[in-house]
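Just below is one structure, and these are the notes that go with it.
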Amino acid sequence: MASLQYFLFTSLLLFLCSPSLAQQSFRPKALVIPVSKDASTLQYLTTINQRTPLVPVDLVVDLGGRYMWVDCDRNYVSSTYCPARCGSAQCSLAGANGCGDCFSAPRPGCNNNTCGVSPDNSVTHTATFGDVSQDVVSLQSTDGKNPGRVVSVPRFLFACAPTFLLQGLASGVVGMAGFGRTRIGLPSQFAAAFSFHRKFAICLSSNGVIFFGDGPYVFLPGVDASESLTFTPLFINAVSTASAFPLGEPSAEYFIGVKSIKVNEKVVSLNTTLLSIDSEGVGGTKISTVNPYTVLEASIFKAVTEAFINEAAARNITRVAGVAPFEVCFSSSNILSTRLGAAVPSIDLVLQNENVLWRIFGANSMVEVSREVLCLGFVNGGSNARTSIVIGGYQLEDTLLQFDLATSRLGFSSTLLGRQTTCSNFNFTSNA
Ligand SMILES: *[C@@H]1O[C@H](CO)[C@@H](O)[C@H](O)[C@H]1NC(C)=O
Ligand SMILES: *[C@@H]1O[C@H](CO)[C@@H](O)[C@H](O)[C@H]1NC(C)=O
Ligand SMILES: *[C@@H]1O[C@H](CO)[C@@H](O)[C@H](O)[C@H]1NC(C)=O
Ligand SMILES: *[C@@H]1O[C@H](CO)[C@@H](O)[C@H](O)[C@H]1NC(C)=O
């Protein structure tokens with residue numbers, strides 16, 4: 001009894017966790033956050049308001065990241081910060097793999113009897129330990145056309161990380177926002193907090209947008225990108241792709257089933273074994289926002305680029321020397337420009353059947369490295385690539401991707417340029 005009282009006393013003294021706030025009378029159907037591209041690192045950044053008092057927290061968007069992690073060692077001041085006690089429901093939601101103490105004065109990221117996870121910098125492939133924590137986050141709701149009223153989640157779960165984990169991220173950033181397929185990824189937590197569909201959509205560009213919840217997803221001058229999606233199943237890789245993880249944890253990343261690749265509508269001959277995920281979690285195709293360009297396993301890279309070079313030559317497009325990180329570049333002199341970007345051979349990712357194609361046009365395949373030179377924006381992942389095809393950010397821009405976690409399905413629009421709009425055209429003027 002005495003020890004129980006002591007326990008309760010210390011709990012009250014140290015936890016200071018606010019009870020869940022009273023139910024908000026306004027329940028949003030969807031939420032919206034902006035995404036911008038950092039010109040020097042090519043990382044996609046977003047901003048979420050967190051803590052009490054609220055401060056804007058800049059984070060790198062990590063589509064396959066397991067949760068949000070932030071630097072708690074520097075400038076973390078909040079009266080609503082709250083560590084997750086070992087054995088709590090929060091620890092189990094987070095899949096926490098340890099219980100730790102901290103032998104200095106308590107502060108965010110340093111508490112006794114707190115469970116931990118392994119926050120991952122997926123840009124540098126560095127992992128460390130960090131406390132599972134909770135704090136308020138606040139963001140804007142949306143009707144799909146404009147941002148609306150601000151809503152908050154009083155006990156949003158995230159991981160604390162030490163400052164060094166930020167190395168390699170864009171300047172000003174204090175962590176990463178994980179949109180992966182876990183129970184504490186951003187999409188699942190927001191869906192649970194507001195009881196909406198476990199869906200989210202990303203639309204990347206220099207100034208793009210991310211929606212949590214179902215469509216409409218409307219871009220000026222009034223194009224609802226949720227109306228013209230093509231669907232393909234999402235696959236789970238049973239072996240985690242994180243830098244550190246508990247044994248048996250599946251990957252939180254989003255894999256799709258590319259069955260073949262066509263260049264200028266002609267099938268490229270590939271070693272198809274590489275296109276499926278094997279029992280060790282090697283192979284397959286995933287979507288990534290931390291890779292600026294699509295990465296192809298060496299033999300796939302060779303086959304696709306050879307086909308592209310031949311098809312380009314047939315159009316009198318002249319090859320020139322590569323410009324790192326690209327190996328395949330062309331003189332822009334014989335390349336016309338179209339509404340869908342440079343007029344070059346199309347590249348198709350063929351999905352569950354011949355009729356389901358993700359077609360990549362010049363706007364997403366060619367990178368202008370100078371006025372005179374355009375390069376094929378794909379890079380060689382070498383022969384020991386863990387994942388054979390990693391569809392990177394440049395290939396995703398101006399395309400709306402909707403991830404449905406409940407049905408394990410990806411919806412993708414073709415390039416929005418074909419519909420006279422772009423991912424930069426969400427109207428961020430609030431109508432609240
Ligand atoms: C954790 O407990 C130890 C031993 O009781 C104590 O010295 C230390 O200050 C505590 N640390 C925190 C962060 O509460
Ligand atoms: C195809 O790829 C698999 C997996 O890497 C490899 O074991 C096999 O030898 C490859 N086949 C050919 C014909 O290169
Ligand atoms: C390519 O150039 C050759 C020689 O100048 C010309 O005969 C041919 O018609 C051109 N082909 C195309 C597709 O422009
Ligand atoms: C953007 O939304 C605001 C608020 O609804 C509206 O007043 C404005 O006209 C919209 N902008 C355009 C270009 O349609």
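By convention here, the first residue in the shown sequence is residue 1. In each ligand, atom 1 is the first atom listed, and ligand 1 is the first ligand listed.
- Distance screen at 4.0 Å: atom 11 (N) of ligand 2 has a protein heavy-atom neighbour inside the cut-off.
- Under the 2.5 Å SG-SG cutoff, C72 and C110 do not qualify as a close cysteine pair.
- Using the six-membered ring where Trp is involved, F194 and F196 have ring planes that are parallel, under 30° apart on the 30 and 60° scheme.
- Within ligand 1, counting atoms from 1 as listed, the ones closer than 4.0 Å to a heavy atom of S104 are 9 (O), 11 (N), 12 (C), 13 (C).
- When each atom of ligand 2 is checked for a heavy atom of L274 under 4.0 Å away, the hits are 2 (O), 4 (C), 5 (O).
- Protein heavy atom nearest atom 9 (O) of ligand 4, with residue, atom name and distance: N427 ND2, 4.8 Å.
- Put simply, atom 5 (O) of ligand 4 has protein non-hydrogen atoms near it, under 4.0 Å away.
- Using a 4.0 Å cut-off to heavy atoms of C110, the atoms of ligand 1 that qualify are 13 (C).
- Although no hydrogens or angles enter the test, the distance criterion places a donor-acceptor pair under 3.5 Å between the side chain of N353 and the main chain of N355.
- Residue contacts with ligand 4: N146 is placed with a nitrogen or oxygen under 3.5 Å of a nitrogen or oxygen of the ligand (distance criterion only).
- Evaluated by nearest non-hydrogen atom to atom 1 (C) of ligand 1, the leading choice among D101, N111, N112 is N112.
- Of the protein's non-hydrogen atoms, the one nearest atom 2 (O) of ligand 2 is N271 ND2, 2.3 Å.
- Sulfur-to-sulfur, C91 and C115 sit under 2.5 Å apart at their SG atoms.
- Geometrically, ligand 1 and F103 share no nitrogen or oxygen pair separated by less than 3.5 Å.
- Between the side chains of T80 and T52, at least one donor-acceptor pair of N or O atoms lies under 3.5 Å.
- A donor-acceptor contact shorter than 3.5 Å is absent between the side chain of N291 and the backbone of T294.
- Under the 3.5 Å distance criterion, with hydrogens and angles disregarded, no donor-acceptor pair is assigned to the side chains of E397 and S205.
- In summary, the atoms of ligand 4 found under 4.0 Å from a heavy atom of L220, numbered by their order in the structure, are 12 (C), 13 (C), 14 (O).
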* Can you list the steps and then say if N427 with T429 is a side chain to side chain donor-acceptor pair (under 3.5 Å)? -> CA-CA 6 Å; N427 184 347; T429 307; 3.0 Å; yes
